[in-house]
Amino acid sequence: MSEPPCHEASMETLPEVPQQLEPLIRQIGPALYELGQGFREDMRVPARIVADSELLQQMVQDRSVPQLVNVTTLPGIQGFAIGMPDMHEGYGFPVGGVAGTALPDGVISPGGIGFDINCGVRLLATGLRHEDVKEVLPKVAHDLARSIPTGFGRHGRLSLAPEQMDRVLTEGVPYLVDVLGLGTPEDVDYLEARGCLDGADTAKVSVRAQERGHDQLGTLGGGNHFLEVQRVERVLDSEAAPALGLFEGQLTVLIHTGSRGLGHQVCTDAVRTMDRALAREGIQLVDRQLACAPLSSAEGQDYFAAMCAAANFAWANRQVLTYRVREVFRRWFGDRSAAWPRIVYDVAHNIAKLEPHGGQRLCVHRKGATRAFGPGHPELPAAYHQVGQPVFIPGSMGTASFVLVGKEAAEAISLSSACHGAGRRLSRAASKRQVVGSELRAALNRQGIAVECPSNAELAEEAPLAYKDVDRVVDVVEAAGIARKVARLVPLAVLKG
DNA sequence: ATGTGC
């Protein structure tokens with residue numbers, strides 16, 4: 001319950017080795033460290049961190065490592081708690097944390113999923129070459145900004161009637177496509193879980209949550225959410241890139257957003273309910289923010305049903321945003337097939353999934369972590385069976401993003417999970433103290449990046465210096481054997497809150 | 001992350 005310390009991390013003051021962790025942390029593989037159960041008495045399993053020494057040094061600057069150790073105390077946790085190379089402090093759980101719990105004692109913890117349920121990333125790819133459209137791109141970006149509301153508390157053009165909300169929450173993207181016509185049947189094939197989790201029950205989503213979400217489909221939100229028009233700068237795997245339909249010079253769109261106020265309210269409701277239940281049962285947690293309940297309990301089941309509904313809402317949100325992008329692209333580039341933004345894939349990075357691992361059915365919490373199934377996994381679309389599941393790692397604003405594909409080895413290393421981004425290095429406040437938003441805007445423009453963001457303060461908080469080096473983070477994921485790099489994408493235009 | 005906070 002202690003307040004997160006506000007670090008003014010500067011590289012000069014970083015210790016050479018993470019002394020707090022020596023000698024209990026040891027390297028056990030390429031880019032893989034383990035913190036044994038000897039570190040703290042209450043650990044049920046070891047903690048593992050995918051990192052190099054530089055990233056490890058950055059991690060010990062905040063509370064994320066102790067938070068990961070706290071995760072190892074959760075009832076029913078199996079194997080180890082896993083930290084990704086972009087790990088940083090979060091609510092209870094670190095962002096960039098993975099944990100699998102097993103029935104019957106296994107718990108589900110809303111803090112292990114995050115406030116923005118099914119925050120995730122969707123990549124769209126056109127057949128357009130950047131070369132051929134570069135002159136109009138600033139105008140396209142401006143049109144996108146007019147069509148897509150960004151920022152805190154904004155609402156969209158779509159307002160769902162209660163019956164429609166009910167169907168979005170239970171049926172997800174297939175409802176938007178089949179009934180509302182906001183996409184094509186092929187779209188659904190290229191979404192994690194086909195854009196719908198089965199376990200949703202709208203009776204478990206509070207009226208307040210549904211009210212908050214009713215006009216938020218097709219909105220981006222604030223914080224680190226964004227929509228970026230990009231160019232495939234470099235193909236890094238000449239076999240995998242064509243399998244995903246990617247080529248150098250190609251125009252792509254990356255969408256990063258989640259379940260907006262609806263998911264936030266679902267999390268808030270569940271944390272409160274579980275906190276009360278813990279008090280009632282006399283259960284003491286190491287951190288109250290790790291409020292949880294056995295998945296088999298009424299509280300656990302109710303939260304799971306509400307989380308599934310919120311996840312479906314988030315996929316629907318990214319689907320409506322895709323529809324908006326398609327409308328704008330059609331206006332500027334016409335009806336030809338090359339102008340059609342096809343969905344490469346859509347992945348969640350704040351979610352819990354019931355998955356078999358090592359012959360056991362686990363509730364896998366991924367918070368700021370992306371599922372990364374290897375080739376041949378039955379959940380992958382047929383076109384990606386050979387190559388593996390696409391994983392998208394956005395960098396910070398103005399820097400590169402990566403496309404990777406999951407490897408089979410990820411199952412044993414990280415319950416088939418990869419990182420989700422560059423990872424924050426500085427707090428928002430610290431970043432704002434060091435960066436002048438208007439100057440950053442000018443610098444991005446000088447780089448040829450069109451910036452559609454009304455708030456200079458928001459820009460300063462999301463400045464590249466507030467984030468870890470995405471190239472390093474991705475290299476570590478590859479070195480660990482979790483996923484392999486396929487392509488490097490660079491920004492051309494960015495929409496932010 | 002969030003109609004930002006018990």
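Proteins come first, then strands; the chains are lettered A, B, ... in the order of their sequence lines, and each starts at number 1. Computed from a predicted model, the values in this text were never measured in an experiment.
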* For A:Glu461, report the nucleic acid contact type (base, sugar-phosphate, nothing); a contact means any heavy atom under 4.0 Å. => nothing

* **Whole-Å gap separating C1' (B:dT2) and CZ (A:Arg272)** => 13 Å

* Go through the steps to decide whether A:Tyr91 and A:Phe115 satisfy the test ring pair (Phe, Tyr, Trp, His ring centres under 6.0 Å), and finish with yes or no. => CA-CA 8 Å; A:Tyr91 179 89; A:Phe115 273 85; 5.2 Å; yes

* Using a cut-off of 4.0 Å on non-hydrogen atoms, how would the nucleic acid contact of A:His155 be classed: base, sugar-phosphate, or nothing? -> nothing

* All pairs passing side chain to side chain donor-acceptor pair (under 3.5 Å) where residues 106-123 of chain A contributes a residue, at least two apart -> A:Asp116-A:His225, A:Asp116-A:Ser259, A:Asn118-A:Arg318, A:Arg122-A:Gln319, A:Arg122-A:Thr322, A:Arg122-A:Asp346

* Asked: With a 4.0 Å cut-off on heavy atoms, is A:Arg154 in touch with a base, just the backbone sugar-phosphate, or nothing at all?
  -> nothing

* Structure fact -> To the nearest angstrom, the CD-P distance between A:Gln289 and B:dG5 comes to 13 Å

* Asked: What is the distance from NE2 of A:His225 to P of B:dT2, rounded to the nearest Å?
  -> 5 Å

* Name all pairs fulfilling the salt bridge (charged side-chain N to carboxylate O under 4.0 Å, His left out) condition that reach into residues 149-166 of chain A, sequence neighbours left out, sorted by first residue then second. => A:Arg157-A:Glu327

* Quickly work out the A:Phe313 CZ to B:dT2 C1' distance and round it to whole Å. => 13 Å

* Have a look at A:Gly258 and say if it touches a base, only the backbone sugar-phosphate, or nothing, with a 4.0 Å heavy-atom cut-off. => nothing

* To do: Find the distance A:Tyr91:OH to B:dT4:P and express it as a whole number of Å.
  => 17 Å

* Asked: Can a donor-acceptor pair be found between the side chains of A:Thr73 and A:Asp42 at a distance below 3.5 Å?
  -> no

* Asked: A:Glu211 near the nucleic acid: base, sugar-phosphate alone, or nothing, with a heavy-atom cut-off under 4.0 Å?
  -> nothing

* Asked: Using a cut-off of 4.0 Å on non-hydrogen atoms, how would the nucleic acid contact of A:Gly261 be classed: base, sugar-phosphate, or nothing?
  -> sugar-phosphate

